Amino acid sequence: MSEARRNKVICVANQKGGVAKTTTAAYLGAALARLNKYVLVIDSDPQCNLTYSLELDESQQEFSLENNLATIYESGQSAEECLLKVRDNLSLIAGASDLVMTEITLDSNPQSLASEPERMLRNALNPFRNRFDYTIIDCPPSQGMLTLNALVAADYVLIPTLASVISLTGLERMLEQIHEIVHGDMALNPELGILGVLITRFRKDRNAELEMEAKLRSAPEEFHVFKTVIPDRSQFGLLGELKTQTGKHLMDLSMVSYSLLPYLTLAMEIDKSLNTKVSSTSISKHS
Ligand SMILES: Nc1ncnc2c1ncn2[C@@H]1O[C@H](COP(=O)(O)OP(=O)(O)O)[C@@H](O)[C@H]1O
Ligand SMILES: [Mg+2]
């Protein structure tokens, strides 16, 4: 823990539901932790699926009721006080259904919470600048203030999408929102970069999906499509299905599940690209 780390904040966002945002946040977080990175995952969806997927024990659940992302927004609680250690190198800031109210307040009366309502999460995460290697934020399926706060807090956005025509509208809207945040009048986060578009739940036995993948990859320089593709679990056969029935294996860093495997490849792809981009000499190492 002696080396300083530069926390890379990655926001997993797409206003479309069901594109594997939460699954990606959970497995990418677990995969990076598995690669010995120090990881914080933040559940910014009132549905709290990320929090549930981590299968907190009873005392952790009790803690998360009083100390979560909503209490950070609503009561000015410090992020430090809300940190839940899930594994040695994996921490969580839990979600809460109260985030529904938070979003309404942020939309209707933002100044009642903070003078910089779009920067609340960014400001809250400031103390963690050198504490983690990666912070992964799971967003709700909307373009409201919770997603905006996550995008303003982030260094990078990762956009999961299905390889389907209907999913492209979600991708286009995301790109518009990112453009506004980077280049708009308010330039809320000029440094925000698109880490990449991640094709999820991919079925290589379907021609339409193969064609859509090719189309995404041939898109003009606008965004990078990760080399890693996340296969649909059906591609693993019955064994894959059975192994993903329970979320327990997700946090069991001693074993690799069928579902974790593609996310380990993704984690390596991301870590390599970011550490190359930031500085080839500043890669933090720890056993
Ligand atoms: N690789 C996959 N194969 C099959 N089903 C998946 C895969 N990834 C996610 N899912 C399922 O798809 C649904 C939506 O995923 P989720 O991560 O909740 O999406 P989002 O957060 O974008 O709404 C969930 O039921 C999840 O279990
Ligand atoms: Mg979700």
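Atoms within each ligand, like the ligands themselves, are counted from 1 in listed order. Since this is a predicted model, take the numbers as computed values, not measurements.
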**Request:** Could you walk me through whether Q15 and T147 pass side-chain contact (heavy atoms from CB on, under 4.5 Å), step by step?
**Result:** CA-CA 9 Å; Q15 47 113 45; T147 297; over 6 Å; no

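- Here the rule is side-chain hydrogen bond (donor to acceptor under 3.5 Å, both in side chains) with N7, and of T135, N130, D155, N126 only T135 fits it.
- Nearest heavy atoms, A33 versus V39: N-CG2, 3.6 Å.
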**Item:** Criterion side-chain contact (heavy atoms from CB on, under 4.5 Å) on N189 and R122, from CA distance to verdict
**Value:** CA-CA 10 Å; N189 186 3; R122 186 181 183 96; 3.9 Å; yes

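- When heavy-atom distances to ligand 1 are checked against 4.0 Å, the residues falling inside are G17, G18, V19, A20, K21, T22, T23, R201, I230, P231, D232, R233, ordered by chain and number.
- At a cut-off of 2.8 Å, T22 coordinates the Mg ion (ligand 2) through an N, O or S atom.
- For K37 and Y134, the positive end is not near the middle of the six-membered ring at less than 6.0 Å and at most 45° from its axis.
- Side-chain N or O atoms of N123 include none that pairs as donor or acceptor with a backbone N or O of M120 at under 3.5 Å.
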